[in-house]
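Heads up, the thing below is written out as structure tokens.
What you see is a predicted model; the values in this text were computed from it and never measured. In listed order, ligands and their atoms are each counted from 1.
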Amino acid sequence: MTDKTLISYDPATGEELWRGEHGDVDAAVSAARRAFPEWAARPLANRIEMVRRFANEVRAEADGIAELITRETGKPLWESRTEVDAVINKVDISVNAYAERTGKKKLDSAMNGTAALRHKPHGAMAVLGPYNFPAHLPNGHIIPALIAGNVVLFKPSEKSPAVGAALVECFRKAEFPEGVVQLVIGGPDEGKALVAHPGIDGVLFTGSANAGIAINRKLASNPGKIVALEMGGNNPIVVTNTPLLTDAAALIVQSAFTSAGQRCTAARRLVIVDSMYDALIKELVKLTKSLLVGDPLGDPQPFMGPVIDNETAELLGESFLALVTAGGKPITHLRRIYPDKPFLTPGIIDTTDIPERPDIELFGPILQVIRVPDLDAAIAEANNTRFGLSASLIGGSPEDYARFWANVRAGIINWNRPTNGASSSAPFGGIGLSGNHRPAAFYAADYCAYPVASNEMEQPRANIGVGLKS
Ligand code: NAD
């Protein structure tokens, strides 16, 4: 083993899962540049055919990839299966998105000429992935980028290299030409090297706001590179009047604790109008205490597996304690189930009385509860954040929802649905610290190609109509 060896561990068992050497960024970028012209020049139909072949390879390996996702991230197998489905479905969705968002158009003709709108690929795109959806989210950049004619350098998270390698193996089996999709193993250093490399034309990033801001800063003097930043959230779920307490509690639990709270769209703040507080908290505690936390490959399947590693579990424990110290009142405790493994019971804490609640993303199963007098105060509280990814309203009338929708600042606003579980057929992105106005999912097509406007005539025909010396 060298100091350039990256090892990933199974969070549920602590056992080594995978090891590999850090990638050579310069060599990978050179190979990408060599591959780009031929790939970009292929007919669109051929590139579509190639990504369909990739989907078939993923389909053939679906069970193995789902199990690998579970082993590397700790998310229960039922969730990993849905992630693999999303990887496969991304292909057809992206083909449609390319046609709808970035297709070709013939515009009005001027003097027998043609005005045309076509799109071109940027070139070599660095895709930097997070660990929580180690296949689906990078794939959500990779597939649209390839369809548009770009080549891709994919650096998976240092916490999920095995899944990254498995994904790139499917491209190899689908017989993608050399250099079109490359795996670059490594951590933030390799990420930074890719971002700064002059041979890279774009950075498609999914991860934390801190890393996204660092990337943005690095490229501030380089506006020529396209940068899509999909970042985190401090997402509110607001509950106003509803008699359906059991359903409301289920929506809150799904929003806050699916994937052990390791989703960018997870609800972090439950804002409850006063009249609902006591009855709703009772239901919520009952349901939360009945959630199974355990072996992500176990039978019966748990609701939650571990968080990604012991260090993360430790930091989440410290964050929960800091909220208690600042005046928060625990409702259910965030508890380590085993001292040496990162399994956590979901923590719910009332932070209404904390005067300055920290506006940070606590990426794990921690839900803060804030009590407010009415819906207007709830909307103000929902907006009390620099982030703006997702927000949900539970209960209320159509008029209440219209008010919520109009006044809440977020890229995803739902009614009587969880804050998470977004569809790939819609745009996916946030405002504020959650993104840079380049939403992914259906709109990923927009940042994978640039529009070129052309006026065209088959022969050069022109004359100067005015202003000539006689
Ligand atoms: P992270 O920011 O630590 O890392 C993401 C990727 O960026 C990794 O590949 C990492 O190696 C790389 N990286 C880190 N610092 C970098 C730098 N300075 N320059 C270049 N590359 C760098 O994120 P994570 O912990 O892996 O993932 C969890 C985070 O991702 C959460 O904040 C979550 O909300 C966010 N997320 C956002 C979305 C979305 O679509 N908006 C989806 C999933 C996760």
Knowing that exactly one of Leu284, Ile370, Thr240, Ile281 qualifies, which makes a side-chain contact (heavy atoms from CB on, under 4.5 Å) with Ile272? Ile281
Proximal ligand 1 atoms for Leu128, defined as those under 4.0 Å from one of its heavy atoms: 20 (C), 21 (N)
The protein heavy atom nearest to atom 44 (C) of ligand 1 is Asn132 OD1, 3.4 Å
Ligand 1 and Met231, any nitrogen or oxygen pair closer than 3.5 angstrom? yes
So, Trp415 versus Phe404, ring centres under 6.0 angstrom or not? no
Going by heavy atoms, is Phe133 under 4.0 Å from ligand 1? no
Under the criterion side-chain contact (heavy atoms from CB on, under 4.5 Å), which of Leu367, Val369, Val324 is the partner of Ile349? Val324
What protein heavy atom is closest to atom 11 (O) of ligand 1, reported as residue, atom name and distance in Å? Glu158 OE1, 2.7 Å
Looking only at protein heavy atoms, which one is nearest to atom 7 (O) of ligand 1, and how far off is it? Phe205 CE1, 3.3 Å
Name the option, out of Gly129, Gly411, Ala126, that contains the heavy atom nearest to atom 8 (C) of ligand 1. Gly129
Dump the intermediate steps for side-chain hydrogen bond (donor to acceptor under 3.5 Å, both in side chains) on Asp309 and Thr312, then the final yes or no. CA-CA 5 Å; Asp309 53 26; Thr312 302; 2.5 Å; yes
Of all protein heavy atoms, the one nearest atom 38 (C) of ligand 1 is Cys264 SG, 3.2 Å
Decide whether an N or O pair under 3.5 Å exists between Ser434 and ligand 1. no
Considering only heavy atoms from C-beta outward, does the side chain of Cys264 approach that of Leu389 to under 4.5 Å? yes
Atoms of ligand 1 under 4.0 Å from any heavy atom of Gly232, numbered from 1 in the order shown, are 34 (O)
Sub-4.0 Å atoms of ligand 1 with respect to non-hydrogen atoms of Phe428: 39 (C), 40 (O)
Given Tyr447, which partner from the list Arg101, His122, His141 fulfils the side chain to side chain donor-acceptor pair (under 3.5 Å) test? His141
Quick one: do Lys155 and Glu158 make a salt bridge, cutoff under 4.0 Å? yes
Of all protein heavy atoms, the one nearest atom 22 (C) of ligand 1 is Pro188 CA, 4.1 Å
Quick test of your reading of the model: are Glu67 and Arg71 salt-bridged, counting only N-O distances below 4.0 Å? yes
Near Ala211 (heavy-atom distance under 4.0 Å), the atoms of ligand 1 are 2 (O), 14 (C), 15 (N), 16 (C)
Heavy atoms only: which of Glu361, Lys155, Lys159 lies closest to atom 12 (C) of ligand 1? Lys155
Heavy atom under 4.0 Å from ligand 1: found in Lys218's side chain, backbone, both, or neither? neither
Less than 3.5 Å between some nitrogen or oxygen of Phe363 and one of ligand 1, yes or no? no
Run the numbers for me: atoms of ligand 1, each under 4.0 Å from some heavy atom of Thr206, listed by number. 5 (C), 37 (C), 38 (C), 39 (C), 40 (O), 42 (C), 43 (C)
Counting heavy atoms under 4.0 Å, the part of Asn210 that contacts ligand 1 is neither
Answer yes or no on whether Lys341 is positioned over the face of Phe343, meaning its NZ or CZ is under 6.0 Å from the six-membered ring centre and within 45° of the axis. no
What residue and heavy atom of the protein are closest to atom 35 (C) of ligand 1, and at what distance? Gly207 O, 3.1 Å
Shortest protein heavy-atom distance from atom 27 (O) of ligand 1, along with the residue and atom involved: Pro130 CB, 3.4 Å
Residue and atom name of the nearest protein heavy atom (relative to atom 20 (C) of ligand 1), distance in Å to one decimal: Gly191 C, 3.4 Å
Please walk me through it: do His22 and Asp189 pass side-chain hydrogen bond (donor to acceptor under 3.5 Å, both in side chains)? CA-CA 10 Å; His22 285 229; Asp189 285 348; over 6 Å; no
Give a yes/no on ligand 1: does Ala440 have at least one heavy atom closer than 4.0 angstrom to it? no
With Asp201 as partner, the option from Lys120, Arg33, Lys225 fulfilling salt bridge (Lys or Arg N to Asp or Glu O under 4.0 Å) is Arg33
Is the gap between the ring centers of Tyr98 and His119 under 6.0 Å? no
Hey, is atom 4 (O) of ligand 1 under 4.0 Å from any protein heavy atom? no
Value rounded to 0.5 Å, distance of CD1 in Ile394 from CG in Leu280: 9.5 Å
Residues Lys75, Glu83: salt bridge by 4.0 Å N-O rule: yes
Would you say Tyr131 and ligand 1 have an N/O pair spaced under 3.5 Å apart? yes
For Ser208 and ligand 1, does the shortest N/O to N/O distance drop below 3.5 Å? yes
Closer than 4.0 Å to some heavy atom of Leu137 - which atoms of ligand 1 meet that? 42 (C), 43 (C)
Atom indices of ligand 1, in the order listed, that fall short of 4.0 Å to a heavy atom of Gly187: 11 (O)
Donor + acceptor pair across side chains of Glu361, Ser208 (<3.5 Å): no
